[in-house]
A.B. asks: 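Okay, handing you the structure first.
Chain naming here is simple, since letters A, B, ... match the order of the sequence lines and numbering starts at 1 in each. Just so you know, these numbers use all the heavy atoms, side chains as well, and skip hydrogens, waters and symmetry mates.
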Amino acid sequence: MALTFYNTLTNRKEEFAPVEPGTVRMYNCGPTVYMFPHIGNFRAFMLADLLRRYFEYKGLEVTQVMNITDVGHLTDDADEGEDKLEEAARKEKKDPWQIAAFYTDAFFEDIDALNIRRATHYPRATEHVEEMIETVKRLLENGHAYRSGDCVYYDVTSFPEYGKLSGNTLDRLRAGARLDVHPDKRDPHDFALWITDPNHIMKWDSPWGVGYPGWHLECSTMTQKYLGDTIDIHTGGEDNIFPHHECEIAQAEGATGKPFVNYWMHVRHLFVEGEKMSKSLGNFYTLRDLLDRGLDPMAIRYTLLASHYRQPMNFTFDAVEAAAGAVERLNEFIRNMRAKSGEGEDPRVGELIDTMKADFEREMDDDLNIAPALAHLFEFIRQVYKLDVGAADARRCAEAVREIDAVLGVLTDEGAEGGDALDAEIEALIEERQQARAERDYARADAIRDDLAARGIILKDTPEGVRWERK
RNA sequence: GGUCCUGUGGCCGAGUGGUCAGGCAGCGGAUUGCAAAUCCGUCUACCCCGGUUCGAAUCCGGGCAGGACCUCCA
């Protein structure tokens, strides 16, 4: 089956055909660095990571770009309110650049903790203002933009396809009009490209005066700089469909006259314990909050991964606990396979591996249908256990699971036993316990086991001998 | 008001007409000195009310509940 994605632009699943065969050019909407990213943000970042990993698993070469929005959009609407970065700066008594630097670092720490692979580029909005100004110039030349008052606005009526992504066409928008007409705008749905405001803390020179760029501008400009005029995939949260992505299309296609993005993919929001995440409900969690509660980052990763991205997700602490069990089952499988010592090879093993991979890929090819894909993985594990394979087969099976984990990114055992040495005293205790067991002095043996457990060393007696792991 | 989505067992979460999802947790058994790991068996489902059908979680109608977007929250 061919790789297929649900495309927000066409509202249906479509076979994926990259512009340049064998390569993927993907842009993912990234963080605005004025606070710690929350668990919902990570759902979006996880979709980006899953796509990237799956493409690479399939042998495609991926260029992945994620923006760092370090110039604030406004807290209110297009023309009023306070810049988010400036607001955070005021509250934390820092300047906006310090805020941006701090939360950018925090963002990278968090995605590392979740084993999210680094994108190819992380362009900062503040470092691309010059290019954004160029885009505005082109739009003015093309007749898609106009100056009014101190600002430059995009003329939505100049772009007949406005609304093709979100369904919010101009006639529909006008029908449900909730906006007061801004005096400088020709149409209430025109949006700002350049806001002249010398009082803004973060400001740049431009042909239209000192000020700052409109929010939608950075993504389309940076996308085109790093990936070209027409890219394969653009991802983001569902709330970005309108107006953000709609406006990006208007800008990019208005500037180049070429299609901007072939496949738009959007993540649905997540709920926490069945309720919308919000600060007032007290269920607004950053990754740090969750880690402080003692949750395992790989369990959090698995939880975010295991539900389909186009399905609203209910993030619960019970679910993370269950995910921890699932991750442990995978890790335990690798350890058990490593410990196998039997001779002989079973012809059924190769078949199991081939079937599992084929089933996994078939499901993932279908718009990243990960739940049944995971079911096939677990079914494989059960079948392998039942065969009681020898050492050579065990290595192949473990390898197959690792290959799948290149996509999932949840295994943590890589170093495991032997990776870090036990100190001599503990080695001696394990040896002493083995001696005690041999002499049927189980009281002594259990006392040693309890003692080691208290030090974080868990012992397991297996048919292949004693094994230990750190808790 | 306009457009759209969701409602599955203790918890997550697949499944779009008829056969087992899967994970975690529970219970019983095998194995083990006892554990661990593993295997086998097993319980708890399809929001409500109608309708179509030989047969519906799955299709249709009507409710109820929750949610998204309609100018900057992923």
A.B. asks: Rounded to whole angstrom units, what separation is found between the CZ atom of A/Phe317 and the P atom of B/C11?
C.D. replies: 17 Å
A.B. asks: Is A/Trp215 close to A/Glu218 at the side-chain level, that is, under 4.5 Å between some pair of heavy atoms?
C.D. replies: yes
A.B. asks: CZ of A/Phe191 versus C1' of B/C70: gap in Å, rounded?
C.D. replies: 16 Å
A.B. asks: Indicate whether OP1 or OP2 belonging to B/G66 is found under 4.0 Å from a side-chain N or O atom of A/Lys276.
C.D. replies: no
A.B. asks: For atom P, what is the distance between B/G1 and B/C20, given to the nearest Å?
C.D. replies: 43 Å
A.B. asks: Rounded to whole Å, how long is the line connecting atom CZ of A/Arg362 with atom P of B/A14?
C.D. replies: 17 Å
A.B. asks: Hey, which of these two, A/Ser307 or A/His269, hits RNA chain B nearer its 5' end, going by closest nucleotide?
C.D. replies: A/Ser307
A.B. asks: For A/Arg268 and for A/Phe333, locate the closest nucleotide of RNA chain B by heavy-atom distance; then report the residue assigned to the nucleotide nearer the 5' terminus.
C.D. replies: A/Arg268
A.B. asks: With both distances under 3.5 angstrom, what nucleotide forms a Watson-Crick or G-U wobble pair with B/A37?
C.D. replies: none
A.B. asks: Applying a 4.0 Å non-hydrogen cut-off, can you work out what A/Gln311 is touching in the nucleic acid: base, sugar-phosphate, or nothing?
C.D. replies: sugar-phosphate
A.B. asks: With respect to the side chain of A/Asn314, which nucleotide from B/C69, B/G13, B/G67 is positioned closest?
C.D. replies: B/G13
A.B. asks: Identify whether the distance between the nearest side-chain nitrogen and carboxylate oxygen of A/Lys203 and A/Asp197 falls below 4.0 Å.
C.D. replies: no
A.B. asks: Does anything in residues 311-344 of chain A form a ring-ring contact (aromatic ring centres under 6.0 Å, His included)? List the pairs, not counting sequence neighbours.
C.D. replies: A/Tyr285-A/Phe317, A/Phe333-A/Tyr385
A.B. asks: Between A/Leu368 (CG) and B/G13 (P), how many Å, whole number?
C.D. replies: 17 Å
A.B. asks: Could you check whether the side chain of A/Arg310 and the base of B/C5 have a donor-acceptor pair of N or O atoms closer than 3.5 Å, going by distance alone?
C.D. replies: no
A.B. asks: Under a 4.0 Å N-O cut-off, is there an ion pair linking A/Arg335 with A/Glu328?
C.D. replies: yes
A.B. asks: Please report the shortest heavy-atom distance between A/Lys185 and A/Tyr153, naming the atom on each side.
C.D. replies: CE-CE2, 3.7 Å
A.B. asks: How far, in whole Å, is B/C69 from B/G51 if one measures between their P atoms?
C.D. replies: 38 Å
A.B. asks: Return the pairing partner of B/C64 with a 3.5 Å limit on both distances, Watson-Crick or G-U wobble; otherwise return none.
C.D. replies: B/G7
A.B. asks: Heavy atoms only, 4.0 Å cut-off, all strands: where does A/Gly167 land among base, sugar-phosphate and nothing?
C.D. replies: nothing
A.B. asks: When you compare B/C4 with B/A45, how far apart are their C1' atoms, in angstrom units rounded to a whole number?
C.D. replies: 27 Å
A.B. asks: Can you tell me the pairing partner of B/U32 across any strand shown, Watson-Crick or G-U wobble, with both distances under 3.5 angstrom?
C.D. replies: none
A.B. asks: Does A/Arg329 come within less than 4.0 Å of A/Glu332, counting only side-chain N to carboxylate O?
C.D. replies: no
A.B. asks: Could you work out the separation of B/U58 and B/U19 based on their P atoms and round it to a whole Å?
C.D. replies: 13 Å
A.B. asks: Looking at A/Asp388 and A/Lys340, does any basic side-chain N land under 4.0 Å from a carboxylate oxygen?
C.D. replies: yes
A.B. asks: Does a nitrogen or oxygen in the side chain of A/Asn369 sit under 4.0 Å from OP1 or OP2 of B/G15?
C.D. replies: yes
A.B. asks: On the nucleotide B/A74, are OP1 or OP2 found under 4.0 Å from the side-chain N or O atoms that A/Asn240 carries?
C.D. replies: no
A.B. asks: What is the distance, rounded to the nearest whole Å, between atom CE of A/Met277 and atom P of B/G67?
C.D. replies: 14 Å
A.B. asks: Starting at CH2 of A/Trp264 and ending at P of B/C69, how long is that distance when rounded to a whole Å?
C.D. replies: 17 Å
A.B. asks: Distance check, P atoms only: B/G9 and B/C46, in whole angstrom units.
C.D. replies: 8 Å
A.B. asks: Before accepting this row, confirm whether a basic side-chain N of the pair A/Glu439/A/Arg444 lies closer than 4.0 Å to the acidic partner's carboxylate O.
C.D. replies: no
A.B. asks: Taking the side chain of A/Thr462 as heavy atoms from C-beta outward, which of B/A68, B/A74, B/A36 is closest to it?
C.D. replies: B/A36
A.B. asks: Identify whether any heavy atom of A/Leu459 sits under 4.0 Å from a base atom; if not, whether one sits that close to sugar-phosphate; answer base, sugar-phosphate or nothing.
C.D. replies: base
A.B. asks: Separation of A/His189 atom NE2 from B/C69 atom C1', in whole Å?
C.D. replies: 13 Å
A.B. asks: Kindly confirm whether the side-chain ring of A/His308 is stacked on the base of B/A14, judged by centres under 5.5 Å and planes under 30°.
C.D. replies: no
A.B. asks: Determine the Euclidean distance between corresponding C1' atoms of B/A25 and B/C12; express it in Å to zero decimal places.
C.D. replies: 11 Å
A.B. asks: Distance check, C1' atoms only: B/G23 and B/A56, in whole angstrom units.
C.D. replies: 27 Å
A.B. asks: Which heavy atom of A/Met298 sits nearest to which heavy atom of A/Gly409, and what is that distance?
C.D. replies: SD-O, 3.5 Å
A.B. asks: Taking atom P in both B/G61 and B/G22, what distance in whole Å separates the two?
C.D. replies: 33 Å
A.B. asks: Ring pair (Phe, Tyr, Trp, His ring centres under 6.0 Å), that's the test. Do A/Phe108 and A/Tyr122 meet it? Break it down for me.
C.D. replies: CA-CA 10 Å; A/Phe108 284 118; A/Tyr122 286 100; 4.8 Å; yes
A.B. asks: Across nucleotides 22-29 of chain B, 5' to 3', mark each nucleotide with B, S or - according to how protein heavy atoms within less than 4.0 Å reach it.
C.D. replies: SBS-----
A.B. asks: Please determine if a side-chain N or O atom of A/Lys386 lies less than 4.0 Å away from the OP1 or OP2 oxygen of B/C40.
C.D. replies: yes
A.B. asks: Rounding to a whole Å, what distance do you find between A/Ile334:CD1 and B/U38:C1'?
C.D. replies: 16 Å
A.B. asks: Searching all strands shown, indicate the nucleotide that pairs with B/G1 (Watson-Crick or G-U wobble; both distances under 3.5 Å).
C.D. replies: B/C70
A.B. asks: So A/Ile370, base contact, sugar-phosphate only, or nothing? Heavy-atom distance under 4.0 Å.
C.D. replies: nothing
A.B. asks: What about A/Asp461: does its side chain form a donor-acceptor pair under 3.5 Å with the base of B/C34?
C.D. replies: yes
A.B. asks: Does a distance-only test, which skips hydrogens and angles, find a donor-acceptor pair under 3.5 Å between the side chain of A/Arg467 and the base of B/A37?
C.D. replies: no
A.B. asks: Would A/Glu361 and A/Lys357 pass as an ion pair if we require N to O under 4.0 Å?
C.D. replies: no
A.B. asks: Would A/Asp446 and A/Arg437 pass as an ion pair if we require N to O under 4.0 Å?
C.D. replies: no
A.B. asks: Is any NZ, NE, NH1 or NH2 atom of the basic residue among A/Glu351 and A/Arg348 found under 4.0 Å from an Asp or Glu carboxylate oxygen of the other?
C.D. replies: no
A.B. asks: Mind checking who B/U42 pairs with, Watson-Crick or G-U wobble, both distances under 3.5 Å?
C.D. replies: B/G26
A.B. asks: Answer with base, sugar-phosphate or nothing: what part of the nucleic acid does A/Phe271 contact at a heavy-atom distance below 4.0 Å?
C.D. replies: sugar-phosphate
A.B. asks: Enumerate the residues from residues 431-447 of chain A whose closest heavy atom to RNA chain B is under 4.0 Å, giving them by residue number; use none for an empty result.
C.D. replies: A/Arg433, A/Arg437, A/Tyr442, A/Asp446
